[in-house]
Visitor: 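Take a look at this one; I'll ask things after.
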Amino acid sequence: MKALLYPVDQLISPLPITTKTRVFSNPQIRIPIKGVGKRCCIAIKAVLDSASIEELRHQEPDTKNPALSTSYRNSEFPKPNQTVLDAQTKVCTGPTQTKPLNEEQALKVLDTILRSAKGGLKDEEPVSKAQLGAFFTAMTIRANAFPEPTQWSEGERRAMDHYWPQLIRVLPKDVIFIADPEDSIMGIGSSIGPKFVGNSTAEMRLVGALREVLAGGHLGYEEVQGVLKDILPLKVEEMGSSSVSESLLSAFMIGQRMNRETDRELKAYCLAFDDELGPAPVADVNSLTHYGEPYDGNTRYFRSTLFVAAVRSCYGESCLLHGVDWMPPKGGITEEQMLMFMGANTHLTPSQAKMLLEDDEVGFAYVSQYSLIGLREHIKKRPPLATAEKVQQIVRARGKEAIVAGFYHGGYEEPLLMLMRRRGVHAGLVVKGEEGALSMTTRLRSANASKGLPVNYCSGFRSVNLAPACAVDGVSRESFNIEVNASDYGFASTDTPRTDRSVARNIELGLAALRGEKGPAYDRIVLNAGMVDHLLGSDGAQDISEAFDRAREAIDSGKALRRLLNYIKISNKVIS
């Protein structure tokens, strides 16, 4: 589990985990700051001015430009094979979302896998072990447990009948096990799957769990916890002796997601983070909100949470953000990219974050995490970790605590709230913001909006007194759900500013808003700060109009901007 949280050289060869190796050397642009002194300005590292960013988007993805989110991908990560990855996009998903391959697609994928296994791919990346594990897990679960519309197509069956006799001679035994664990799918009559037990004690436990997962079944809390302790080592010195094959690990991760994790399975993932971190430091603050943004960032629209945190900290609502610099599948703009771009220290420990939370001139903090980034790029779809990592409590508070998390796919709002309740926090909130992030929009809902829960849908709970909101302590809490219509609160309907992976553009919008420049970005920061205060039951936010007014005052007075500038400065000086 250490590899999930702090940098290590490598978890499972050959996919590296650390991402803190890039160094950018760039000119600086200076942006005048209104309201904090005539000559006061902020230096932000940038590669090119905004006029050149569009041109750079068309350059090779390896171009190192910290103004774009794509540049934060670690170049040490081996890239996945694109042909197989495209197939994973279709088949490594849920029982209703999966799109079976046609015969032509299936033949192409299996031919690519065969040529890769034989070392015959010339102009493509090899198919990684993680991809093999994920792809064949999807095929096995679909054959064993999915409804008829998302089981194998006739074309997939014909393609597999053609290629499997060749594949079984060249694929590793662990992949053959994943593809046909009980010798009931391929029709070859092989004993490899039924007899496979793994190559270590850790793999033996994992293989036993996988037999249930590959059949479409679920595991108990202790069973998942035991597997996680084995495959994600808790101590650095144990890593060499407890690693497992990438194929088996990716099979476990994507298999549990395809089967839709139960509450007990998600709880095991969630508490695995706690077991590794140990007791969290306790900040001497009256209120602390933990922000669980999706770690893979935004690719299209303005991401407001960093600026919202600066606003809320001005009136005593301390905020703790966490995430990574770059994460698949989206690889979008993250808080860490913005902070790194502006020169902040993004390597804070929990104890250092606690100090910034307690600092009267700051009041918010960011902690960088590690969550199998390299492996997750190769399994394509989000694993259970993507849900559990949103509800961490890396630092605790002496006073009230709340957790806010973003979601996109319907059905995950209740599991997230369940995890929050188990955390014992006073309030919990899930938000379906734009791109599945936390940013609610002021734009009116389109009449042609897609089915399912709308953007700006919120659901949560809050305590009616000051005792921790634990399920077993008899504390009363009230639940709620609401679709936030910004126009009901006096906000003009505006299109959300586009950022299109430009870290520089996202920062430009956020800083302009914190300078008091009115417009769509300003309105979104105010909306998200005030609405979260109100829905969480924060002190002084019972009246929604007053909640919005104090958010505006924090911006218009220059306090929020000063806090962001203070964070950049003090984060580079803080000492545990």
Visitor: Ring centres under 6.0 Å, that's the criterion: do Tyr295 and His322 meet it?
Guide: yes
Visitor: Quick check with a 6.0 Å cut-off and a 45 degree axis cone: is Arg312 positioned over the face of Phe364's six-membered ring?
Guide: no
Visitor: Could you check whether any side-chain heavy atom of Gln256 comes within less than 4.5 Å of a side-chain heavy atom of Glu265, counting everything from C-beta outward?
Guide: yes
Visitor: Would you say His290 and Glu401 are linked by a side-chain donor-acceptor pair, where the criterion is simply a distance under 3.5 Å?
Guide: yes
Visitor: For Glu317 and Ser287, which I'm curious about, is there any donor-acceptor pair between the side chains at under 3.5 Å?
Guide: yes
Visitor: Once rounded to the nearest 0.5 Å, what's the spacing between atom CZ of Phe302 and atom CG of Leu509?
Guide: 5.5 Å
Visitor: Going by an N to O cut-off under 4.0 Å, is there a salt bridge joining Glu435 and Lys330?
Guide: yes
Visitor: Do we see a donor-acceptor contact under 3.5 Å between the side chains of Asp359 and Tyr567?
Guide: no
Visitor: Evaluate side chain to side chain donor-acceptor pair (under 3.5 Å) for Ser439 paired with Glu434, printing each intermediate quantity in order.
Guide: CA-CA 6 Å; Ser439 295; Glu434 291 184 306; over 6 Å; no
Visitor: Would you call the rings of Phe407 and Tyr457 parallel, tilted or perpendicular if under 30° counts as parallel and over 60° as perpendicular?
Guide: perpendicular
Visitor: What distance separates Arg550 CZ from Asp543 CG, expressed to the nearest 0.5 Å?
Guide: 11.0 Å
Visitor: How many angstroms lie between atom OG1 of Thr499 and atom CD1 of Ile507, to the nearest 0.5 angstrom?
Guide: 11.0 Å
Visitor: Going through the checks in order, is the side chain to side chain donor-acceptor pair (under 3.5 Å) test met by Asp556 and Tyr522?
Guide: CA-CA 10 Å; Asp556 296 342; Tyr522 178 98; 2.9 Å; yes
Visitor: Test side chain to side chain contact (heavy atoms under 4.5 Å, CB included) on Tyr366 and Leu348; report intermediate values, then the result.
Guide: CA-CA 7 Å; Tyr366 173 85; Leu348 298 178; 5.8 Å; no
Visitor: What is the distance from atom OG1 of Thr150 to atom CE of Met258, rounded to the nearest 0.5 Å?
Guide: 8.0 Å
Visitor: Using a strict cut-off of less than 4.0 Å between a Lys/Arg side-chain nitrogen and an Asp/Glu carboxylate oxygen, indicate whether Glu377 and Lys79 qualify as a salt bridge.
Guide: no
Visitor: With sequence neighbours excluded, give me every side-chain hydrogen bond (donor to acceptor under 3.5 Å, both in side chains) pair touching residues 81-94.
Guide: Asn81-Glu124, Gln82-Asp86, Thr83-Glu124, Gln88-Gln131
Visitor: Do you know which of Arg376, Lys381, Arg382 makes salt bridge (charged side-chain N to carboxylate O under 4.0 Å, His left out) with Asp296?
Guide: Arg382
Visitor: Hydrogens and angles aside, do Ser368 and Thr346 bring a side-chain donor and acceptor to less than 3.5 Å of each other?
Guide: no
Visitor: Report, as yes or no, whether the 6.0 Å neighbourhood of atom NZ on Lys559 holds more than 12 heavy atoms from other residues, nucleotides or ligands.
Guide: no
Visitor: Could you state the interatomic distance from OG1 (Thr289) to CG (Leu320), rounded to the nearest 0.5 Å?
Guide: 10.0 Å
Visitor: Is a side-chain donor-acceptor pair under 3.5 Å present for Thr442 with Arg524?
Guide: yes
Visitor: Has Lys518 got more than 12 heavy atoms of other residues, nucleotides or ligands less than 6.0 Å from its NZ?
Guide: yes
Visitor: Evaluate side chain to side chain donor-acceptor pair (under 3.5 Å) for Thr305 paired with Glu293, printing each intermediate quantity in order.
Guide: CA-CA 8 Å; Thr305 296; Glu293 281 277 22; 2.4 Å; yes
Visitor: Under 3.5 Å, is there a donor-acceptor pair between the Glu335 and Tyr291 side chains?
Guide: no
Visitor: Can Glu261 and Tyr412 be counted as having a side-chain donor-acceptor contact under 3.5 angstrom?
Guide: yes
Visitor: For the residue pair Tyr489 and Phe548, is the inter-centroid distance of their aromatic rings smaller than 6.0 Å?
Guide: yes
Visitor: Are Arg563 and Glu361 within salt-bridge range, i.e. N to O under 4.0 Å?
Guide: no
Visitor: Kindly compute the distance separating CD1 (Ile254) from CD1 (Ile379), expressed to the nearest 0.5 Å.
Guide: 5.0 Å
Visitor: Indicate yes or no: does Asp263 engage Arg422 in a salt bridge with an N to O separation below 4.0 Å.
Guide: no
Visitor: For the residue pair Asp500 and Ser502, confirm or rule out a side-chain donor-acceptor distance under 3.5 Å.
Guide: no
Visitor: Which residue pairs pass the salt bridge (Lys or Arg N to Asp or Glu O under 4.0 Å) test when at least one of the two sits in residues 364-375, sequence neighbours left out?
Guide: none
